[in-house]
Amino acid sequence: MKIIAVGRNYLEHARELNNPVPSEPVVFLKPETAVIKGNKPFFYPDFSQEIHHEVEIVLKISKVGKNIGEKFAARYYEELTAGIDFTARDLQQKAKEKGLPWEKSKAFDGSAPVGTFISKSAIRDLSSFEFSLDINGSRVQTGRTSDMIFSFDYIISYVSRFFTLQMGDLIYTGTPAGVGPVHPGDRLTAAIEGRILLDFEVK
Ligand code: MG
């Protein structure tokens, strides 16, 4: 499986990092070794002094597709959850300055903790629902999917032009504003509409 992630999909987040608002999705990949499941801890890596949390809605692809039309895209995922797109912001900043690829800052081991998947039918309106991240019990990020620049269906359609989607692939759909550092000892708790789906510790 692979992880396809979209960057800068929420206006306020693009602005907080002084990035331009994209006219098409900013896309990058993470390998399977990035995934952390089952609320297992995230071990702070030794190559970064500035790991940031980015809470995101994660879609799980349920069937194979290529060049998927936007109006059919909803048929290609049945479940979703909340996940963290951990980012080594110090390495990413260096890469951005030099115009180099982002992999070391985005795709490292453990950079994609993913919560318990729920049926998309459990959500009344997929185009507008709330999700959040708490650190040690304090709210640090709140997002609403109606604030996405590119919708779930548009993202699926767009990325499937470049990458064949396979069962079990994950799509990280971008983070709202409020990203910031995590530290060893922090407890991260992510929820969709108040329902906790991810709860783990940074070690
Ligand atoms: Mg992200």
Side-chain angles (χ1 to χ4, degrees), residues 1-37 42 44-45 48 50-61 77 80-96 100-115 117 129-135 139-152 154-156 158-159 162-163 169-182 186 188-192 197-198 200 202:
M1 61 80 70
K2 59 186 171 294
I3 299 170
I4 301 169
V6 175
R8 305 173 190 168
N9 198 25
Y10 288 79
L11 210 52
E12 293 304 320
H13 169 63
R15 286 183 179 147
E16 75 180 341
L17 294 183
N18 295 315
N19 287 317
V21 176
S23 56
E24 57 182 345
V26 174
V27 176
F28 57 94
L29 301 179
K30 293 176 187 253
E32 191 166 4
T33 43
V35 175
I36 299 177
K37 289 181 191 166
F42 168 75
Y44 204 103
S48 174
E50 195 185 9
I51 300 288
H52 274 196
H53 57 79
E54 297 189 355
V55 69
E56 312 201 357
I57 297 299
V58 182
L59 312 178
K60 186 193 276 182
I61 295 300
Y77 73 100
L80 51 76
T81 189
I84 307 294
D85 167 21
F86 272 132
T87 304
R89 197 69 75 198
D90 45 358
L91 300 191
Q92 189 195 31
Q93 191 54 39
K94 280 187 199 161
K96 282 161 75 174
L100 293 172
W102 288 4
E103 275 81 358
K104 286 193 290 182
S105 66
K106 283 286 197 183
F108 56 85
D109 287 356
S111 61
V114 68
F117 281 88
F129 67 90
E130 196 178 276
F131 60 103
S132 60
L133 175 67
D134 290 1
I135 298 186
R139 184 68 35 102
V140 290
Q141 285 189 272
T142 305
R144 179 162 279 281
T145 56
S146 52
D147 293 329
M148 290 189 293
I149 299 169
F150 303 108
S151 68
F152 296 155
Y154 186 86
I155 291 168
I156 289 171
Y158 181 86
V159 299
F162 303 92
F163 313 108
D169 287 349
L170 302 180
I171 300 183
Y172 276 62
T173 56
T175 196
V179 303
V182 298
D186 285 347
L188 275 63
T189 308
I192 290 179
L197 300 173
L198 179 63
F200 69 99
V202 177

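Heavy atoms only: backbone and side chains are in, while hydrogens, waters and symmetry mates are out. Both ligands and their constituent atoms are indexed starting at 1 by order of listing.
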Within a 6.0 Å radius of atom NZ on K96, are there more than 12 heavy atoms belonging to other residues, nucleotides or ligands? yes
Pairs satisfying salt bridge (Lys or Arg N to Asp or Glu O under 4.0 Å), at least one member in residues 10-21, at least two apart: E12-R15
When the aromatic ring centroids of Y158 and F150 are compared, is their separation below 6.0 Å? no
Would you kindly say whether S48 and D90 are connected by a side-chain donor-acceptor distance under 3.5 Å? yes
Using the ring-ring contact (aromatic ring centres under 6.0 Å, His included) criterion, which residues pair with Y44? Sequence neighbours excluded. none
Close to the Mg ion (ligand 1), meaning under 2.8 Å, how many protein N, O or S atoms are there? 3
Qualifying salt bridge (Lys or Arg N to Asp or Glu O under 4.0 Å) pairs, either residue in residues 104-113, two or more places apart: E54-K106, D85-K106
